[in-house]
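Accompanying notes for the structure given below.
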Amino acid sequence: MSTDHTSTHPDSPLHGRGAGSETINLAAIRQEYTKGGLKEGDLPDNPLSLFNRWLHEAIDAQVEEPTAMLVGTVSPEGRPSTRTVLLKDLHDGKFIFYTNYESRKGSHLAKNPYISLSFVWHALERQVHIEGISSKVPAGESDAYFHQRPYKSRIGARISPQSRPLKSRMQLIRSFVAEAARWVGREVERPVHWGGYAVTPERIEFWQGRANRLHDRFLYTLQADGSWRKERLAP
Ligand SMILES: Cc1cc2nc3c(=O)[nH]c(=O)nc-3n(C[C@H](O)[C@H](O)[C@H](O)COP(=O)(O)O)c2cc1C
């Protein structure tokens with residue numbers, strides 16, 4: 001059996017037209033979305049309760065990495081970038097994730113705290129887009145989460161200069177081993193360059209795939225009095 005994933009059988013609808021056997025006809029990859037629907041009448045006043053329900057349904061459905069979200073930041077030059085991180089807590093209406101404050105995303109957020117978070121649960125044909133403002137979580141909250149992490153992840157967080165160039169993997173492993181030796185028999189401390197961000201949402205959009213690309217989209221927008229405006233958007 002061929003292990004070359006860049007080629008398709010000539011009879012396959014995915015086989016590319018014209019350009020040779022190594023091309024895949026991406027336009028032929030197409031799926032109808034029929035798993036559910038979202039009705040106006042089912043929308044709670046607070047989008048956090050709908051988010052919680054969808055997150056729990058993703059966990060119950062055993063989708064891969066149900067807490068994974070794409071985090072969008074903007075550089076000081078106004079250029080957007082994204083990367084995946086894991087949602088680690090949701091409290092007081094805020095979405096919490098942990099990272100290196102000196103990473104690329106950290107340097108963006110230090111200059112521009114506006115942020116987007118996107119969850120995609122393909123198995124449920126659902127996505128949620130959140131936009132809001134980020135702030136660092138209090139040090140005590142980062143400490144509490146850091147101390148729950150496995151020992152080796154704590155060492156890794158201390159030594160990884162996240163997002164900066166490395167000479168080699170060996171450089172990373174040497175730092176890891178040396179740092180691990182320093183903490184034998186002691187509680188590994190959280191480094192100041194590592195901690196949480198809390199995202200306060202201002203806009204949350206729920207998307208449920210429907211047949212014929214007539215998807216359900218509902219946007220919640222935070223109002224000055226703290227309530228949320230709800231509206232249906234065209235797919
Ligand atoms: C499934 C998955 C989960 C991840 N979770 C985290 C996370 O919780 N925190 C983190 O800093 N990076 C996480 N990463 C790595 C980030 O995507 C990214 O490579 C890293 O944070 C550096 O990003 P930056 O250079 O844009 O700052 C995860 C990657 C994947 C694929």
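Because only heavy atoms are used, hydrogens play no part in the values below, and waters and symmetry mates are left out as well, while side chains stay in. Quick caveat, the model's predicted, so the values are computed rather than measured. First listed ligand is number 1; within each ligand, the first listed atom is number 1.
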**Item:** Residue and atom name of the nearest protein heavy atom (relative to atom 6 (C) of ligand 1), distance in Å to one decimal
**Value:** Val85 CA, 3.6 Å
**Request:** Verify the contact flag for atom 26 (O) of ligand 1, where contact means a protein heavy atom under 4.0 Å away.
**Result:** yes
**Prompt:** Between Phe206 and Phe51, does the ring centre distance come in under 6.0 Å?
**Reply:** no
**Asked** Would Ser118 and His129 count as having a side-chain donor-acceptor pair, cut-off 3.5 Å?
**Response** yes
**Prompt:** What's the shortest distance from atom 19 (O) of ligand 1 to any protein heavy atom, and which residue and atom give it?
**Reply:** Arg83 CB, 4.8 Å
**Request:** Within a distance under 4.0 Å of any heavy atom of Thr99, pick out the atoms of ligand 1 and give their elements.
**Result:** 10 (C), 11 (O)
**Request:** Using a cut-off of 6.0 Å, state whether more than 12 heavy atoms not belonging to Arg186 lie near its atom CZ.
**Result:** yes
**Request:** Indicate yes or no for a side-chain donor-acceptor contact from Gln223 to the backbone of Thr221 under 3.5 Å, with no hydrogens or angles considered.
**Result:** yes
**More than 12 heavy atoms from other groups under 6.0 Å of NZ on Lys230** = yes
**Prompt:** Going by the angle between their ring planes, with limits at 30° and 60°, are Phe119 and Phe95 parallel, tilted or perpendicular?
**Reply:** tilted
**Fill in**
A student comparing Leu86, Leu87, Leu109, Leu70 should find that the heavy atom closest to atom 8 (O) of ligand 1 comes from Leu86
**Numbered atoms of ligand 1 (with element) below 4.0 Å of Tyr98, judged on heavy atoms** = 7 (C), 8 (O), 9 (N), 10 (C), 11 (O)
**Complete:** In this structure, atom 16 (C) of ligand 1 is nearest to the protein heavy atom Thr84 O, 3.1 Å
**Message:** Less than 3.5 Å apart, any donor N or O on the side chain of Arg83 or Thr73 sitting next to an acceptor on the other?
**Reply:** yes
**Complete:** If you compare Arg164, Gln162, Glu102 by their heavy atoms, the one closest to atom 12 (N) of ligand 1 turns out to be Gln162
**Closest candidate by heavy atom, reference atom 24 (P) of ligand 1, pool Ser163, Ser107, Ala157** = Ser163
**Request:** Check if Phe97 has a non-hydrogen atom at a distance under 4.0 Å from any atom of ligand 1.
**Result:** no
**Asked** Backbone N or O of Arg104 within a donor-acceptor pair of the Ser107 side chain at under 3.5 Å?
**Response** yes
**Complete:** A student comparing Lys105, Glu64, Glu65, Met69 should find that the heavy atom closest to atom 21 (O) of ligand 1 comes from Lys105
